[in-house]
Amino acid sequence: YEVVIVERDPNGRFVSASQAMKAPVLVGDASVPSVLETVNVRTAAALLAVTSDDTVNLEIALTAKGLAADLPIVVRNQDPDFAYQVHQVFEFDQVMSPTELAAPAFAAAALGGRILGNGLAGNLLWVAIATLITPNHPFCGKSVQTIARQANLVPLYLETEGRTLHGFALLNATLNSGDILYLTMPAHQLDQLWRRIPPVLVSQ
C-alpha cells in the first residue's frame, strides 16, 4: 500500500526513518479535519491512529469517521480494557493494545520459543510460534494430531532429526525432546505450551 504519514512534530524521532523509506510525511495535526482532507482521507484504504497518546488517537479516529464514515480505522490504545470499550462503542475496525500484542512474544521467550508473526482472525489475535520440545514440555511424547485437538492449535511443520515434516507425516509424528514444532494458535491460549493437559477420562 502507498502510505502517507501525518506527524505533528517536524522533529519527531520517526520522521527521518519514514523519509528514508520514501514515505511522504505531512507535518500537521491529524485531529484537524482539513489536515485529513489534505491527505485524501475520504478515498484512503484505511487510517491507522498510532501516536503515543491514546487520547489523541481517539480524537484522530473520531475526526476521520466524521469525514468518511465507512473508512476502516485501526486505533492504538495502551489500556487493553479501555481498548475493548472503545472498540465496542465507536465500532472502529480494530483497537489494539501494544501490551496485548507484545505479551505473546514475552511468553514465547520465557518458554524457550519464539514468535514468528501474528495476525487477527475475527476478534482473536493468533500467533505463529516455534516451540522447542523438552523432556518436561507438555507435548513431549504425544502425537501432533493429539495435541492439535487438545490444545486448539494448528500445526505448521516439525523439525526433527534433521528432517522437516509436513502434512500427514506431521500429524502422525510423535514429539520427542529436541524437536521444534512450528504452530499457530490464539494468543490467549499460549499457556497450553507450558500447562500440562489432563488426560481425557472415558467411562464405559
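Just so you know, these numbers use all the heavy atoms, side chains as well, and skip hydrogens, waters and symmetry mates.
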Taking the side chain as C-beta and beyond, is there a heavy-atom pair between Cys140 and Asn176 under 4.5 Å?
no

In Å and rounded to the nearest 0.5 Å, what is the CD to OG distance from Gln150 to Ser143?
8.5 Å

Determine yes or no for a side-chain-to-main-chain donor-acceptor pair under 3.5 angstrom, with Arg42 supplying the side chain and Leu67 the backbone.
yes

Nearest 0.5 Å please: distance from the CD1 atom of Ile129 over to the CD1 atom of Ile180.
12.0 Å

Would you give the length of the straight line joining atom CD1 of Ile133 to atom CG of Leu175, rounded to the nearest 0.5 angstrom?
5.0 Å

Exam field: side chain Asp53 to backbone Val56, donor-acceptor pair closer than 3.5 Å
yes

Before you tell me yes or no, could you show the steps for Val27 and Glu7 under side chain to side chain contact (heavy atoms under 4.5 Å, CB included), namely the whole-Å CA-CA distance, both residues' side-chain angles and the distance that decides it to 0.1 Å?
CA-CA 5 Å; Val27 176; Glu7 168 59 58; 5.7 Å; no

Does any non-hydrogen side-chain atom of Phe139 lie less than 4.5 Å from one of Leu153?
yes

About how many Å separate CG of Asn40 and CD of Glu37, when rounded to the nearest 0.5 Å?
8.5 Å

Looking at Asn152 and Pro186, what are the two nearest heavy atoms and their distance?
O-CD, 3.7 Å

Of the non-hydrogen atoms in Gly28 and Val6, which two are nearest, and what is the gap between them?
O-CG1, 3.5 Å

Please evaluate residues Asp179 and Leu132 with respect to the criterion side chain to side chain contact (heavy atoms under 4.5 Å, CB included), reporting the C-alpha separation (whole Å), side-chain torsions for both, the decisive distance (0.1 Å), and the verdict.
CA-CA 6 Å; Asp179 292 348; Leu132 173 66; over 6 Å; no

Can you tell me how far the NZ atom of Lys142 sits from the CZ atom of Arg149, to the nearest 0.5 Å?
11.0 Å

Could you check whether any side-chain heavy atom of Val144 comes within less than 4.5 Å of a side-chain heavy atom of Thr174, counting everything from C-beta outward?
no

If I compare all heavy atoms of Val39 with all of Leu26, which pair ends up nearest, and what's the gap?
CG1-CD2, 3.6 Å

Can you find a heavy atom in the side chain of Lys65 that is under 4.5 Å from one in the side chain of Ile73?
yes

Could you see if Val4 belongs to whatever hydrophobic cluster contains Val35? Use Ile, Leu, Val, Met, Phe, Trp, Tyr and a side-chain cutoff under 4.5 Å.
yes

Between CG on residue Asp9 and OG1 on residue Thr51, distance to nearest 0.5 Å:
12.0 Å

Heavy-atom side-chain proximity of Val25 to Gln19 below 4.5 angstrom:
yes

For Asn172 and Ala169, indicate whether the former's side chain and the latter's backbone hold a donor-acceptor pair under 3.5 Å.
no

Show the nearest heavy-atom pair for residues Ala148 and Pro155, with the distance to one decimal.
CB-CD, 4.0 Å

Side chains of Asp29 and Ser31 only: does a donor on one sit below 3.5 Å from an acceptor on the other?
yes

Under a 4.5 Å cut-off applied to non-hydrogen side-chain atoms, are Val32 and Thr63 in contact?
no

Is there side-chain contact between Leu36 and Leu47, with heavy atoms separated by less than 4.5 Å?
yes

Evaluate Ile147 against Leu181 for side chain to side chain contact (heavy atoms under 4.5 Å, CB included), listing each step before the verdict.
CA-CA 11 Å; Ile147 61 105; Leu181 177 64; 3.9 Å; yes

How about Leu158 and Thr164: do any of their side-chain heavy atoms sit closer than 4.5 Å?
no

Work out which heavy atom in Leu71 is nearest to a heavy atom in Ala64; give both atom names and the distance.
CD2-CB, 4.1 Å

